[in-house]
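Take a look at the structure below.
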Amino acid sequence: RMRIQTLDSLNRTISHAQPLSSPDSSSRQRIVTDADLNAVHEAAAAATLDWLAESGPAADATRDVLTHIDNNTWAYVAYLAAMLKTRDQWLPFIGSGSIDEAEAQALRARFEDSLAFAVRDHLERLRDRAAASGCDELPALLGEQAWPGTSTDDIGRWQGVAEILLLKGKAQFRKRVNKAQGFPTTERARKEAMTGALATLAPDRELAALLHGTRSLPPARYTDEQWSVLLALFRLLPLAVSELKRLFAAQGMADHIEVALQAGAALGSADEPGDVALLLDYKLSHVLVDEMQDTSSAQYRMLEALTGGWTQGDGRTLFCVGDPMQSIYRFRNAEVGQFLLARQFGIGRMQLDSLLLRRNFRSGGGLVAWFNEVFPSILAASNDPMRGAVAYSSAVPAEQLAGLGNIEVHPVFGVDPEAEAAIGCRQVSRILDASPGDELAILVRARTQLPALLAALRRAGIEYTAVEIDKLTD
């Protein structure tokens, strides 16, 4: 029998399957979102300040973090509330926050190894791209014998290269250099050679992006002061979570993350499944997940637990459908990088066969051709799960849509809403005259762009529907 529900709904079903006496039972809590949820997060964060009146590790952790931000309680509450919104991402790593000295040193080594790996990975991709740029003379023009290396000690050298070659704060190559970049007018030949090299590099968006990325690369090692604050934060965050759970219980509410965490506790892990997971393992034979690109880390862990007892070829199937180019739920903790990793390595013990669908059944051939031309320069040059970067995948129009679809640009120079509205109204009228039976949609970046256009449509006698958009006061 097929059952269709959202992953959040499935989490809720799993959470409800626990005994009411279980500490992780949802007990039919109502789900809160948006402003109501923000208020609860802030209240939980503020409640941790009460620990300052106590003594012990909890009070010390609260005091250390507050001192680090100059006793700014507003910033303290805001930062802690923001962390609570993503607690499903860090709770599995810090647990209860009880860390002894040996565990702290091991954790520091693990974190610094991860930082060093991220830095080296970035610099290796940058050096490979720079070497393939065709500008072999550029290192010499920069006063280097060769391109900088890829160790963590080379971050500063690459950042120096970025400051010379790129515009300030932008992933865009300069068109020319001057004495501020070390190219005075007295060195005319060297300056002209650099200008030529910059012209050669100008179209290379990937190299520009990688160079720009060095500006924000972190140091690969924590200072003792930074690590002390981070340890205090590890001890403080679980306190904030406990305060949040207390408020949820007192007010009979929960958020989607809390339900997902409750479901995760009920399912256990692939190696140590809970009773609910064993029951579902008996009942479930096939799982299909749509919009997989908007799945969070907690939901991936749920899928791993659900399929933990499955083996290749046992007749059970996991089918995931998604388009990483359409990932739009980052604000709900969706991790498109997880989608890219799942496609490559599978989910838990389940290895997945990947099938790329290119045919577009929605857009005319003219539109698809325009997408294929424009979007490769808008999206990332290549997939990068670590950064959540997604490359464009070219599409093919359906046969029945070949020759359809048209792109027109009607520029309006300067800020002139009335001129923009007049052009828009003329185009709407022209399209409706040519295709009187068709419907037409108008998309704008913000509501403030609409009043002038809607007024022009009314003057032209063009009927429209604008639900919760067209105000009587406009």
Side-chain angles (χ1 to χ4, degrees), residues 115 118-144 146-150 152-185 187 190-220 324-325 327-328 330-331 336-337 340 370-392 409 411-415 445-446 449:
L115 286 171
V119 168
R120 287 195 301 268
D121 176 74
H122 185 95
L123 296 185
E124 285 169 4
R125 289 186 291 117
L126 171 56
R127 197 176 197 281
D128 289 344
R129 188 69 186 183
S133 66
C135 291
D136 297 334
E137 75 282 6
L138 200 50
L141 291 172
L142 295 169
E144 300 273 358
W147 290 110
T150 59
T152 56
D153 295 331
D154 292 309
I155 295 177
R157 295 174 65 197
W158 279 112
Q159 289 173 337
V161 172
E163 292 309 308
I164 294 174
L165 300 183
L166 301 181
L167 294 174
K168 184 177 181 179
K170 295 183 179 180
Q172 182 180 343
F173 286 106
R174 300 178 185 274
K175 292 183 178 180
R176 60 188 65 86
V177 289
N178 54 38
K179 63 180 181 181
Q181 290 81 47
F183 291 84
T185 54
E187 300 182 16
R190 179 169 167 261
K191 187 174 181 179
E192 289 179 351
M194 175 57 78
T195 301
L198 288 170
T200 301
L201 294 175
D204 196 335
R205 292 178 53 253
E206 183 176 3
L207 179 57
L210 288 168
L211 270 173
H212 181 62
T214 63
R215 290 166 163 166
S216 57
L217 283 179
M325 294 186 293
S327 182
I328 58 173
R330 187 67 181 264
F331 68 95
V336 70
L340 300 174
W370 186 79
F371 300 154
N372 291 340
E373 178 182 357
V374 172
F375 276 87
S377 62
I378 296 175
L379 297 179
S382 58
N383 292 329
D384 187 343
M386 292 184 65
R387 296 185 297 118
V390 176
Y392 179 74
V409 177
V412 178
F413 300 100
V415 181
R445 292 186 62 185
Q449 295 176 290

Whether [X] side chain and [Y] backbone form a donor-acceptor pair below 3.5 Å:
{"X": "Arg215", "Y": "Gln159", "answer": "no"}
{"X": "Glu124", "Y": "Asp121", "answer": "no"}
{"X": "Ser377", "Y": "Val374", "answer": "yes"}
{"X": "Arg174", "Y": "Leu198", "answer": "no"}
{"X": "Thr200", "Y": "Gly196", "answer": "yes"}

Spatial distance of atom [atom1] ([X]) from atom [atom2] ([Y]) [nearest 0.5 Å]:
{"X": "Leu141", "Y": "Glu192", "atom1": "CG", "atom2": "CD", "result": "12.0 Å"}
{"X": "Gln172", "Y": "Arg205", "atom1": "CD", "atom2": "CZ", "result": "11.0 Å"}
{"X": "Leu211", "Y": "Ile164", "atom1": "CG", "atom2": "CD1", "result": "11.0 Å"}
{"X": "Glu206", "Y": "Leu126", "atom1": "CD", "atom2": "CG", "result": "10.0 Å"}

Specify the closest pair of heavy atoms between [X] and [Y], including all atoms of both residues, with the distance to one decimal.
{"X": "Ala380", "Y": "Ala389", "answer": "CB-CB, 3.7 Å"}
{"X": "Cys135", "Y": "Ala197", "answer": "SG-O, 3.9 Å"}
{"X": "Leu115", "Y": "Pro218", "answer": "CD2-CG, 3.8 Å"}
{"X": "Gly388", "Y": "Val336", "answer": "O-CG1, 3.5 Å"}
{"X": "Asn383", "Y": "Ala391", "answer": "OD1-N, 2.8 Å"}

Side chains of [X] and [Y], heavy atoms from C-beta outward: is any pair under 4.5 Å?
{"X": "Lys191", "Y": "Val177", "answer": "yes"}
{"X": "Leu142", "Y": "Leu165", "answer": "yes"}
{"X": "Ser133", "Y": "Leu201", "answer": "yes"}
{"X": "Val390", "Y": "Ser327", "answer": "no"}
{"X": "Phe183", "Y": "Thr195", "answer": "no"}

Measure up the Trp158 and Trp147 rings against each other and bin them: parallel (under 30°), tilted (30 to 60°), perpendicular (over 60°). parallel
Under a 4.0 Å N-O cut-off, is there an ion pair linking Asp154 with Arg127? no
Working note: Gln181 + Met194, criterion side chain to side chain contact (heavy atoms under 4.5 Å, CB included); need CA distance, chi angles, decisive distance, verdict. CA-CA 11 Å; Gln181 290 81 47; Met194 175 57 78; over 6 Å; no
Hey, could you give me each pair passing salt bridge (Lys or Arg N to Asp or Glu O under 4.0 Å) that has a residue in residues 194-203? Not counting sequence neighbours. none
Residue of the set Asp384, Thr150, Leu217 for which side chain to side chain contact (heavy atoms under 4.5 Å, CB included) holds with His122: Leu217
Is the CD atom of Glu373 crowded by more than 12 outside heavy atoms at less than 6.0 Å? no
Got a sec, which residues hit salt bridge (Lys or Arg N to Asp or Glu O under 4.0 Å) with Arg176, two or more places apart in sequence or on another chain? none
